[in-house]
Amino acid sequence: MKILVVESYPNSPLGNVGQALADVGADIDTVAAHGGEPLPETPDDHDALIMLGGPQSALDDDDYPFLPALCRLTRAFGDSGRAVLGICLGSQIIARAYNGENVLNRPLEFGYLPVSPLPEAADDPVLSGLTAPTPAFHWHKDTVRLPAGAIRLAESAMTPNQAWKIGAKVYAAQFHFEASRAVVADWSSKSAEYVRDLVPDWEARMPAELETNGTVADALGRELARRWVKVIDA
């Protein structure tokens with residue numbers, strides 16, 4: 001199993017998804033597109049595509065000129081029947097690739113907040129792992145209006161389209177189910193001043209959040225990651 005991971009921004013680790021891939025011995029091929037590394041022309045050498053987060057919008061072609069090519073590659077993976085996973089910015093790239101609408105600069109959704117399954121999730125191979133409203137880590141303003149034919153799978157109080165899919169293997173999640181407690185702590189530390197401006201009390205309450213909601217979110221993230229990995233060969 002060979003997985004293409006496209007990094008749109010530095011310090012975007014695979015976290016829970018990386019552990020699920022390691023458990024099955026997957027070969028991970030990482031392209032730092034943000035640093036100018038070229039994208040493959042086709043999906044032919046890979047079984048699946050993963051795209052994670054970043055602070056830019058999915059429409060920021062001027063500062064991130066690889067985005068149009070990444071959208072085309074995303075569509076090529078999906079149209080060829082290969083698995084795709086987009087989280088946060090990655091989900092917004094999927095929406096753009098499939099002619100959905102990117103909605104920019106909404107109010108911030110940040111921290112461990114509940115994600116709730118929709119009825120369509122009950123029989124889904126991946127999102128059936130979300131059985132009740134469960135805390136997950138969020139850090140975003142942008143969201144999407146879904147492409148034609150997409151199926152909504154989960155929502156939050158602020159964001160109707162927290163998880164959705166196109167066809168059988170293209171999955172998008174706005175919430176960071178990949179972000180383990182270690183990842184959340186690292187992000188919070190390395191961006192401490194920026195986070196302090198956004199959420200002044202986060203630094204004080206983060207340790208308790210990690211021990212309570214973070215523990216539950218990690219269990220959910222591991223379960224969703226394991227389920228998505230199974231979809232690759234389905």
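Side chains included, hydrogens not; waters and symmetry mates left out as well; all remaining heavy atoms used.
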| field | Qualifying residue, where the test is side-chain contact (heavy atoms from CB on, under 4.5 Å) with Phe77 and the options are Asp79, Leu73, Thr74 | value | Leu73

| query | Would you find more than 12 non-hydrogen atoms of other residues, nucleotides or ligands less than 6.0 Å from Glu41 atom CD? | reply | no

| Non-hydrogen side-chain atoms of Leu153 and Lys165 separated by less than 4.5 Å | yes

| query | How far apart are the closest heavy atoms of Pro40 and His46, and which atoms are they? | reply | CG-CE1, 4.2 Å

| remark: The reported gap from OG1 in Thr30 to CG in Leu14 (rounded to nearest 0.5 angstrom) is 6.5 Å

| Do Thr215 side-chain atoms and Glu211 backbone N/O form a donor-acceptor pair below 3.5 Å? | yes

| message | Check the orientation of Phe110 and Trp139. Use parallel for under 30°, tilted for 30 to 60°, and perpendicular for over 60°. | response | perpendicular

| message | Working note: Leu52 + Glu7, criterion side-chain contact (heavy atoms from CB on, under 4.5 Å); need CA distance, chi angles, decisive distance, verdict. | response | CA-CA 7 Å; Leu52 300 178; Glu7 293 183 345; over 6 Å; no

| field | In one Ile/Leu/Val/Met/Phe/Trp/Tyr side-chain cluster, 4.5 Å: Leu89, Val5 | value | no

| task | Name the orientation class of the two ring planes belonging to His138 and Phe175 (parallel below 30°, tilted from 30 to 60°, perpendicular beyond 60°). | result | tilted

| Any donor and acceptor pair, going by atom type alone, linking the side chain of Ser188 with main-chain N or O of Val184 inside 3.5 Å? | yes

| request: Please assess Tyr112 against Leu210 for the test side-chain contact (heavy atoms from CB on, under 4.5 Å), listing each intermediate value before the final yes or no. | output: CA-CA 9 Å; Tyr112 287 106; Leu210 291 175; 3.5 Å; yes

| Can you name the closest pair of heavy atoms from Asn105 and Lys141 and give their distance? | CA-CB, 4.3 Å

| request: For residues Gln174 and Asn161, determine if any side-chain heavy atom of one lies less than 4.5 Å from a side-chain heavy atom of the other. | output: no

| request: Flag yes if Leu224 and Ile3 sit in one hydrophobic cluster, no otherwise; membership is Ile, Leu, Val, Met, Phe, Trp, Tyr, and two members link when side-chain heavy atoms are under 4.5 Å apart. | output: yes

| request: Using a 4.5 Å cut-off on heavy atoms from C-beta on, say whether the side chain of Pro38 contacts that of Val31. | output: no

| query | Is a side-chain donor or acceptor of Thr131 paired with a backbone partner of Gly129 at a separation under 3.5 angstrom? | reply | no

| task | Enter the distance from Ile50:CD1 to Asp29:CG here, rounded to the nearest 0.5 Å. | result | 11.5 Å

| message | For Phe177 and Phe137, I'd like to know if the aromatic rings sit close, meaning centre-to-centre distance below 6.0 Å. | response | no

| OH (Tyr9) with more than 12 external heavy atoms under 6.0 Å | no

| Which heavy-atom pair separates Cys88 from Gly53 by the least distance, and what is that distance? | CB-CA, 4.3 Å

| task | Test Leu4 against every option in Leu49, Ile28, Asp45 by the side-chain contact (heavy atoms from CB on, under 4.5 Å) rule and name the one that passes. | result | Leu49

| Are Leu220 and Val216 connected, step by step, through hydrophobic side chains (Ile, Leu, Val, Met, Phe, Trp, Tyr) whose heavy atoms are closer than 4.5 Å? | no

| task | Find out if a path of hydrophobic residues (ILVMFWY) with successive side-chain heavy-atom gaps under 4.5 Å connects Val195 to Val183. | result | yes

| Is there a donor-acceptor pair under 3.5 Å between the side chain of Trp187 and the backbone N or O of Asn11? | yes

| query | Counting only heavy atoms not in Asp123, do more than 12 fall under 6.0 Å of its CG? | reply | no

| task | Inspect the contact between Glu120 and Arg152 and indicate whether a charged nitrogen and a carboxylate oxygen are less than 4.0 angstrom apart. | result | no

| request: Under the side-chain contact (heavy atoms from CB on, under 4.5 Å) rule, what do Val199 and Arg205 come out as? Steps first, then yes or no, please. | output: CA-CA 11 Å; Val199 187; Arg205 62 184 173 88; 3.7 Å; yes

| query | Do Ile94 and Val231 belong to the same hydrophobic cluster, where Ile, Leu, Val, Met, Phe, Trp and Tyr are linked whenever their side-chain heavy atoms lie under 4.5 Å apart, directly or via other members? | reply | no

| task | With the side chain counted from C-beta on, respond yes when His34 and Ser8 share a heavy-atom pair under 4.5 Å apart, and no when they do not. | result | no

| request: May I have all residue pairs that pass side chain to side chain donor-acceptor pair (under 3.5 Å) and include part of residues 47-66, sequence neighbours excluded? | output: Asp61-Arg96

| Rounded to the nearest 0.5 Å, how far apart are CD of Gln92 and CE of Met51? | 10.5 Å

| Below 4.5 Å, heavy atoms only, C-beta onward: do Ile93 and Cys71 meet side chain to side chain? | yes

| remark: Correct closest heavy-atom pair for Leu67 and Ala58 would be CD1-O, 3.9 Å

| query | With a 4.5 Å heavy-atom cut-off, do Ser156 and Glu109 have their side chains touching? | reply | yes

| Test side-chain contact (heavy atoms from CB on, under 4.5 Å) applied to His140 and Thr159, step by step | CA-CA 10 Å; His140 73 106; Thr159 305; 3.5 Å; yes

| query | Side-chain contact, heavy-atom cut-off 4.5 Å: Pro107 with Met158? | reply | yes

| Exercise: do Arg106 and Thr143 side chains pair donor with acceptor under 3.5 Å | no

| Does a side-chain heavy-atom distance below 4.5 Å link Val229 with Val24? | yes

| query | Measuring from Leu146:CG to Trp164:CH2, what's the distance to the nearest 0.5 Å? | reply | 6.0 Å

| For Glu101, which residues count as a side-chain contact (heavy atoms from CB on, under 4.5 Å) partner, sequence neighbours excluded? | Arg145

| When you look at NZ of Lys230, are more than 12 heavy atoms from neighbouring residues, nucleotides or ligands closer to it than 6.0 Å? | no

| said: How long is the straight-line distance from CD of Gln162 back to CG of Leu127, given to the nearest 0.5 Å? | reply: 10.5 Å

| query | Which atom pair, heavy atoms only, marks the closest approach of Pro133 to Pro117? | reply | N-CD, 3.9 Å

| query | So, for Val115 and Ala136, which heavy atoms are closest and what is the spacing to 0.1 Å? | reply | CG2-CB, 4.0 Å

| message | Rounded at 0.5 Å granularity, tell me how far CZ in Arg226 sits from CH2 in Trp228. | response | 15.0 Å

| Option from Val17, Asn16, Asp186 for which side-chain contact (heavy atoms from CB on, under 4.5 Å) with Ser180 holds | Asn16

